[in-house]
Amino acid sequence: MNCDIERVLYTEKEIREAVKSLGERITCDYAGKAPVLLCILKGSSVFHADLMRAIDLPCEIDFLVAKSYGMSAQSSGKLRILKEPDIDIKNRDIIIVEDILDTAVTLSTLIHTLSLKEPASLKTAVFLDKNLGIKKPVKADYKCFDAENEFLVGYGLDYAERYRNLPYVGVLKKEIYTDN
Ligand code: IMP
Ligand code: MG
């Protein structure tokens, strides 16, 4: 285990099983359709790559770049869209693929922005849903796991752009992101 990690929250095996069963659910729910799996870069890149291979449908993929955290361990509360999707979203079945639902600023902003482009349907698949003890402005339509309010890295999730390549999800040691 990486020495900056306090403990492993979800192992590679648990992740593989959860993503596989989520892919099977989406395959059933979208039977006869060709959804677009919209990856919110960069955090969702690993989840997106695994999820698309667990879906047995003629789906398409696209990418949107959004930033809310910058180089800190706290959401800035504002979202910047740095790259829009290439595909024309109008009349398509869109599934937004997001790494983690934290304050939900990212997802609620994206749902609002993408709805204006008149998709046939718009749903969300999140890898982790963090329990902040508050009611969030949006709920995920599909999710793999719940998590407590701790700072997590791995499986695409970063702190200051590091740890994305860890194959598991771990709790980052506090001393890594607090100064004292
Ligand atoms: P939200 O807009 O507050 O829901 O935050 C969503 C984004 O913040 C995610 O897409 C992540 O990139 C980032 N984020 C939130 N919590 C964590 C975490 O525990 N570790 C790493 N990134 C996180
Ligand atoms: Mg991030």
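When a ligand or atom number is given, it counts from 1 through the structure's own listing order. Atoms considered below: every heavy atom in the structure, side chains included; atoms not considered: hydrogens, waters and symmetry mates.
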Task: Leu79 contact mode with ligand 1 (heavy-atom cut-off under 4.0 Å) - done: neither
Task: Lys173 and Asp4: CA distance, side-chain angles, deciding distance, salt bridge (charged side-chain N to carboxylate O under 4.0 Å, His left out) verdict - done: CA-CA 6 Å; Lys173 285 184 182 165; Asp4 295 348; 6.0 Å; no
Open item on the list: If we check side chain to side chain contact (heavy atoms under 4.5 Å, CB included) with Phe127, which of these qualifies: Val97, Ile15, Leu101, Val46?
Closed with: Ile15
- [ ] Please tell me if the side chains of Leu37 and Glu60 come closer than 4.5 Å, counting only heavy atoms from C-beta onward.
- [x] no
- [ ] Tell me, please: is Glu150 in heavy-atom contact with ligand 1, that is, under 4.0 Å?
- [x] yes
TODO: Could you tell me whether Phe151 and Tyr177 have their ring centroids closer than 6.0 angstrom?
DONE: yes
- [ ] Determine whether more than 12 heavy atoms belonging to other residues, nucleotides or ligands lie under 6.0 Å from atom NZ of Lys135.
- [x] no
TODO: Give a yes/no on ligand 1: does Lys130 have at least one heavy atom closer than 4.0 angstrom to it?
DONE: yes
Task: Option whose closest heavy atom lies nearest to atom 14 (N) of ligand 1, chosen from Ile100, Leu41, Val169 - done: Ile100
Task: Sub-3.5 Å N/O-N/O distance, Ala104 and ligand 1 - done: yes
Open item on the list: Among Leu157, Leu152, Asp99, which one puts a heavy atom closest to atom 20 (N) of ligand 1?
Closed with: Leu152
